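Sequence lines set the chain letters: A, B, ... in the order given, protein chains first and strands last, and positions in each chain run from 1. The structure displayed is predicted, hence computed values, not measured ones.
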Number of protein chains: 2
Amino acid sequence: MIQSRPAVVRISDTVAGELEKRILEGSLKAGDRLPSERDFAVELGVSRPTLREAIQKLTSKGLLASRHGGGTFVTNRLEAHFVDPWQEMLSGHPMLHSDLLEFRQMLESQAAYLAAERATNVDIERLDALYATLDSVYGSKDMNACIDADVAFHQAIAEAAHNVLIGHMTASLMRLIHGHVSNSLEHLHARPQRWDQLRSQHYTIWQAIREHQPDVAARASRDHIEFVRQSMMNANKEVENRLSALRRQPSGPLERADTGA
Amino acid sequence: MIQSRPAVVRISDTVAGELEKRILEGSLKAGDRLPSERDFAVELGVSRPTLREAIQKLTSKGLLASRHGGGTFVTNRLEAHFVDPWQEMLSGHPMLHSDLLEFRQMLESQAAYLAAERATNVDIERLDALYATLDSVYGSKDMNACIDADVAFHQAIAEAAHNVLIGHMTASLMRLIHGHVSNSLEHLHARPQRWDQLRSQHYTIWQAIREHQPDVAARASRDHIEFVRQSMMNANKEVENRLSALRRQPSGPLERADTGA
DNA sequence: TTGGTAAAGTGGTCTTACCATTGATGAGAA
DNA sequence: TTCTCATCAATGGTAAGACCACTTTACCAA
């Protein structure tokens, strides 16, 4: 009855496994668009029908989605599993932010530790490049660029940890707090000395990973998030104050939290 | 988000639906063999690739099974299909187990740390009860009861940490590895001294939380998972050895040679 | 009967071609 | 200048035919 594994290996299965592996390991991230079927087939050394069968397998698993004339994309199903339940919760219950940052503290310090332990030359090169852009955009005043560079930097650390769960979890958390990061950054932006502190924290983490000092990296990362945490608490307090001042005026329009796009 | 129905109907989807209908209605019964792809394609009025895509869809749903050179058959079991993408990944990519345990090590040691810090009397009472159960079932030889008690104990610790994300993540991970835990436990079961080590490890964690010693609890928890990790590696190695012994018999090199015409 | 071998049938893969849809580009109008 | 809309290249979907690898069956010889 055990139809176990026939000795024959279908090429399309091999290809599907390869794609799945790339998605799992993060070289194909959620939202990424695959090369066109024609190009990709050449790149993988198989014919287009074979590649199509492989894509079809992953599509029926929900990992890929194709749009006629548009392209084939990696879905966020793996991350949605983590993120979806929390997305609206976070808007409705601000006290979750504290738990979230605590979780992030654990996750990122561990990621930094493992990254310092396992980062390859390729990882370090990528980190170097990302740190350079991060450092440069911090000089500018472009808030969005800062957020993007910050997220990319931390994500690269998570991937250098070479643990797929840490990678996906970090990506999920990043997406989750993306909308909320701007708050604290905006708050920090008006305070140059704190702004500089962030830069030096990133520098410390970066160097610790480069020089393969896991404990230093972990502690620096922990301190970094702790700093963000404090800043956010201050920001919230400030917002609170501002709101309570506004609340003294009557006739407030109905507050409705916009869930964003 | 508007991804729902692109309004375009792919022929392969139509065909797949038609086949599925025939199977459900009984005109195609379990064990039946489909006509050959060439004949069937003509009969359905579509091309062979289209029919193949339809068959592939149903194959991945578990309704059909193809044998190279043999034919395509209707299977008896429908929907032995995992809905959790991570669950499926775990089966297909064994290297995930290591990452999973590493993640769990981080998560549970942090949970133990916070639990030792924040556990209320209610939490501790519940932990006491669960530990008592755990200790008693370890005396028996009921494997399932052991697993359940173990999961409940660790889950209670996670909830005593009073961080909703940690609680949720722990529950998710527990569910994910529930099916795979039995392997390592089975392996441990035949080794009484290791079995006792597990008991003492649980005791240490329990006591550290009771006495509010975060660092002790975290380290004990970390050691505990490390122990499980080693055990599982040994178990895998054992399986590996058994498999490699079996592998000496068949001879299927099957290197796919490129014809390079 | 038994064993092996050859032939036919079937799924797997490749090639080529064309169609349908999409998305971006650029021209033209307000 | 800005906006609208038609156009077109890129891309996924479908089709047809061919060849290969494997399985099954039938036949033949011992």
Exercise. Respond yes when some side-chain nitrogen or oxygen of A:Arg67 is under 4.0 Å from OP1 or OP2 of C:dT22, and no when none is.
Key: no
Keeping A:His168 on the side-chain end and A:Leu24 on the backbone end, is there a donor-acceptor pair under 3.5 Å?
yes
> Taking only N and O in the side chain of B:Arg10, is any of them less than 4.0 Å away from OP1 or OP2 of D:dT14?
Replying inline: no
Rounded to whole Å, the NE2-P distance (B:His68 to D:dC20) equals 13 Å
Regarding the side chain of B:Ser36, the nearest nucleotide among D:dG12, C:dG11, D:dA15 is C:dG11
Per nearest nucleotide of DNA chain C, the residue lying toward the 5' end, A:Gly69 or A:Ser47, is A:Ser47
note: B:Ile11, atom CD1; C:dT21, atom P; distance rounded to Å ~ 11 Å
Rounded to whole Å, CG of B:Leu44 lies from P of D:dA16 at a distance of 13 Å
* Do any side-chain nitrogens or oxygens of A:Ser12 fall under 4.0 Å of OP1 or OP2 in C:dG12? -> no
In whole angstroms, the gap separating P of C:dT13 from CD1 of B:Ile55 amounts to 13 Å
**Message:** If we count only N and O atoms by modelled type, under 3.5 Å, do the side chains of A:His224 and A:Glu108 hold a donor and an acceptor together?
**Reply:** no
Contacts of B:Leu51 and A:Thr72 projected onto DNA chain D by closest heavy atom; the upstream (5') one is A:Thr72
From CD of A:Glu43 across to C1' of D:dT11 the rounded distance in Å is 16 Å
Rounded to whole Å, CZ of A:Arg33 lies from C1' of D:dA10 at a distance of 8 Å
**Asked** Any idea how A:Tyr131 and A:Trp206 line up, ring-wise: parallel (<30°), tilted (30 to 60°), or perpendicular (>60°)?
**Response** parallel
When rounded to the nearest 0.5 Å, the distance separating CZ of A:Arg199 from CG of A:Leu134 is 8.5 Å
Original post:
Within the structure, does a side-chain N or O atom of B:Thr50 lie under 4.0 Å from either OP1 or OP2 of D:dA15?
Top reply: yes
**Prompt:** Under the 3.5 Å rule, do the base of D:dG17 and the side chain of B:Arg38 count as making a donor-acceptor pair?
**Reply:** no
note: B:Phe73, atom CZ; D:dT24, atom P; distance rounded to Å ~ 8 Å
note: A:Glu37, atom CD; D:dG13, atom P; distance rounded to Å ~ 6 Å
Quiz item: Taking atom types as modelled, is there a side-chain donor on B:Thr50 or B:Ser12 under 3.5 Å from an acceptor on the other?
Solution: no
Quick note, A:Arg48 side chain, CB onward, closest among D:dG12, D:dT24, C:dC14 is D:dG12
